[in-house]
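What follows is a set of notes on a single structure, which appears directly below.
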Amino acid sequence: MDLGGKAEGGGTACVKAVAVPKGPRILKRRVVSRMPEDIKNNKFLNAAIQANLPSNYNFEIKKTVWKVRDAKASCVALQFPEGLMMFATSISEILRAFAGVKDIVILGDVTYGACCVDDFAAKAAGASFLVHYGHSCLVPTTTTEIPSLYIFVEIGIDNEHLVASIKKNIATTERIALLGTIQFVGALHVAKKCLHDYDVVVPQEKPLSPGEVLGCTSPKFPDRDTIIYVADGRFHLESIMIANPHIKALKYDPFTKELSVEDYEHREMRILRKVAVEKAKKATHWGVVVGALGRQGNPLIVDRLCRLLEKAGKTYTIVVVSEVFPSKLKLMEDADAWVQVACPRLSIDWGHYFHAPLLSPYELAVALGEAQAAWIDSAGRGDEVQGDYPMDFYSKSGGIWSNYYKER
């Protein structure tokens, strides 16, 4: 994600009560680790932060110094999205000076989201600790190869201007859903408290934070009239619109302070995806793409999809790539169709540029008859958009194609 700018009937029986002697009460003590004073109130650290980093960006430097020190890490890897990479060297020098770190490794590969957290590359580079900036913790730190820390990088914005923009342009009769990327979730809750005359909700699709959306995961809220999305760019907003095609969407860009009406070509997208799914139904040999960019290629999803293909009597070949390009897959023309376990939006946004159908895990389930898809039947028939196209890749309630699905 490019942040840009600087700026969850039988009978009854009577039973005689028997007094149970009480044993000694056991008190459970919770041990809370506190940030050391030499970090919390270090005037030199404070000065370094103030001199090198923007005041409205919360990089949680003191927390990072504390956690890195506590882990006794001598080599730390830092991973940033493109929009935060400009701060990489400044943060490196601060950690080197105050966290006792000997070596810093900056992971320079493209980072689209938390699914790209690259603990594998960090470990291979000799790091014993990884700090991932700009995204929420989709991949639990209990599963990473080395100790890892997620820093959301909350960005302070002009909350008064956001609220004023909504009040000036949205009628009090409209039911509002406030959403945004993780950097601006704090602003959503501030705005909600200030919009006293409005019916406002901050929806949540667990395990994401309330108000947080991803390019592949968004909540549904059919009782709302208007979406107010707070962030720059459209990628995550489009996820909300795909999941809620009948709700008006507006975007508030906190950097330009502009509130704009946003549209999405639902009919065109659904026709393109219907064509791909219908063509893929005829495929006998499949290519299964496993995304190797960080943690994109969830092996559990790959295993489930391969079992679905086997159940349907299909053969398949597994291909591991870091990024999926049409020219790369065209070299393997034996595959009649492809399914990619990397990013569902790759299929939605770019699938029609590939020489053979490139389906998302959800679309494969549809093609093999393992998932309902009312939107398929209505796609291309008139202008009305009918049926749900789910955006639940990282939802706790997602289908067999999603990351948190549990076998029933």
Side-chain angles (χ1 to χ4, degrees), residues 112-120 138-140 143-145 214-217 273-352 354-373 376 389-408:
Y112 296 115
C115 55
C116 301
V117 59
D118 208 344
D119 51 309
F120 296 116
L138 291 184
V139 180
T143 66
T144 52
E145 291 291 304
L214 304 177
C216 62
T217 308
R273 300 322 302 149
K274 177 181 180 178
V275 169
V277 170
E278 296 294 345
K279 186 176 179 180
K281 288 180 180 180
K282 303 172 184 177
T284 57
H285 185 72
W286 285 73
V288 179
V289 173
V290 182
L293 192 62
R295 290 277 188 152
Q296 278 192 340
N298 187 333
L300 297 178
I301 297 180
V302 175
D303 180 64
R304 292 198 295 268
L305 299 185
C306 288
R307 281 189 278 132
L308 290 182
L309 289 169
E310 291 168 0
K311 177 183 174 182
K314 311 292 185 179
T315 58
Y316 58 85
T317 300
I318 295 178
V319 178
V320 180
V321 293
S322 58
E323 295 211 59
V324 187
F325 296 110
S327 57
K328 179 73 71 174
L329 299 193
K330 198 173 190 306
L331 297 173
M332 295 167 275
E333 294 186 339
D334 289 343
D336 305 313
W338 294 84
V339 58
Q340 52 89 14
V341 185
C343 176
R345 291 290 296 279
L346 177 61
S347 296
I348 295 172
D349 298 351
W350 303 100
H352 52 287
F354 288 75
H355 74 287
L358 178 70
L359 306 191
S360 68
Y362 160 68
E363 291 172 344
L364 175 67
V366 173
L368 298 180
E370 298 287 343
Q372 298 295 320
I376 285 274
Y389 188 104
M391 299 301 288
D392 60 356
F393 198 51
Y394 277 96
S395 169
K396 284 283 189 182
S397 59
I400 193 172
W401 51 85
S402 62
N403 281 274
Y404 295 112
Y405 176 81
K406 293 182 180 179
E407 302 284 352
R408 297 173 176 84

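It should be emphasised that the depicted structure is a prediction, and the values quoted were computed from it without experimental measurement. What you see below is based on every heavy atom in this structure, not just the backbone, and it leaves out hydrogens, waters and symmetry mates.
- Using a 4.5 Å heavy-atom cutoff, the side chains of Pro361 and Phe393 are in contact.
- A donor-acceptor pair under 3.5 Å links the side-chain atoms of Asp336 to the main chain of Thr284, judged by distance alone.
- For the pair Cys115/Asn403, no side-chain contact is recorded, criterion being any heavy-atom separation below 4.5 Å from C-beta on.
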Side chain to side chain contact (heavy atoms under 4.5 Å, CB included) between Glu323 and Tyr112, worked out: CA-CA 11 Å; Glu323 295 211 59; Tyr112 296 115; 2.9 Å; yes

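- Using a 4.5 Å cut-off on side-chain heavy atoms (C-beta onward), Leu329 and Val289 make contact.
- The distance from the CG atom of Asp303 to the CG atom of Leu308 is 9.5 Å, given to the nearest 0.5 Å.
- A salt bridge does not link Arg307 to Glu310: none of the charged nitrogens lies less than 4.0 Å from a carboxylate oxygen.
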Test log, rule side chain to side chain contact (heavy atoms under 4.5 Å, CB included), inputs Phe354 and Lys328: CA-CA 10 Å; Phe354 288 75; Lys328 179 73 71 174; over 6 Å; no

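- When all heavy atoms of Gln296 and Cys343 are compared, the pair lying nearest together is NE2-CB, 4.3 Å.
- Closest non-hydrogen pair, Cys306 versus Ile318, comes out as SG-CD1, 4.1 Å.
- Put simply, CG on Asn298 and OH on Tyr404 are 9.5 Å apart, with the number rounded to the nearest 0.5 Å.
- A side-chain contact (heavy atoms from CB on, under 4.5 Å) with Met391 is found for exactly one of Leu214, Thr217, Ile348, namely Ile348.
- Of all the heavy atoms in Ala335 and Gly287, the pair that sits closest is CB-N, 3.8 Å.
- Of all heavy-atom pairs between Gly399 and Tyr405, the closest is O-CB, 3.2 Å.
- A side-chain donor-acceptor contact under 3.5 Å links Lys314 to the backbone of Ala283.
- The nearest pair of heavy atoms linking Ile400 to Ala365 is CG2-CB, 4.5 Å.
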Trace of the side chain to side chain contact (heavy atoms under 4.5 Å, CB included) decision for Ile301 with Trp401: CA-CA 6 Å; Ile301 297 180; Trp401 51 85; 5.7 Å; no

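- Atoms NE2 and CH2, from His285 and Trp338 in turn, are 7.5 Å apart once rounded to the nearest 0.5 Å.
- In this structure, Ala356 and Ala337 approach most closely via the heavy-atom pair CB-CA, 4.4 Å.
- In this structure, the separation between CG on Leu358 and CH2 on Trp350 is 13.0 Å, given to the nearest 0.5 Å.
- A distance-only check finds a donor-acceptor pair linking the side chain of Lys274 to the backbone of Ile376 [under 3.5 Å].
- Taking the side chain as every heavy atom from C-beta outward, Thr317 and Met332 never approach each other to under 4.5 Å.
- Listed for the Glu278 side chain is no donor-acceptor partner under 3.5 Å among the backbone atoms of Lys281.
- Checked against Val288 for a side-chain contact (heavy atoms from CB on, under 4.5 Å), the options Leu305, Val320, Leu309 give a single hit: Leu309.
- In this structure, the side chain of Ser347 engages the main chain of Ser360 through a donor-acceptor pair within 3.5 Å.
- Atom-to-atom distance recorded for Cys216:SG and Leu138:CG is 7.0 Å, nearest 0.5 angstrom.
- In this structure the side chain of Phe120 reaches within 4.5 angstrom of the side chain of Arg295, judged on heavy atoms.
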Trp286/Leu359 under side chain to side chain contact (heavy atoms under 4.5 Å, CB included): CA gap, chis, key distance, verdict: CA-CA 11 Å; Trp286 285 73; Leu359 306 191; 3.7 Å; yes

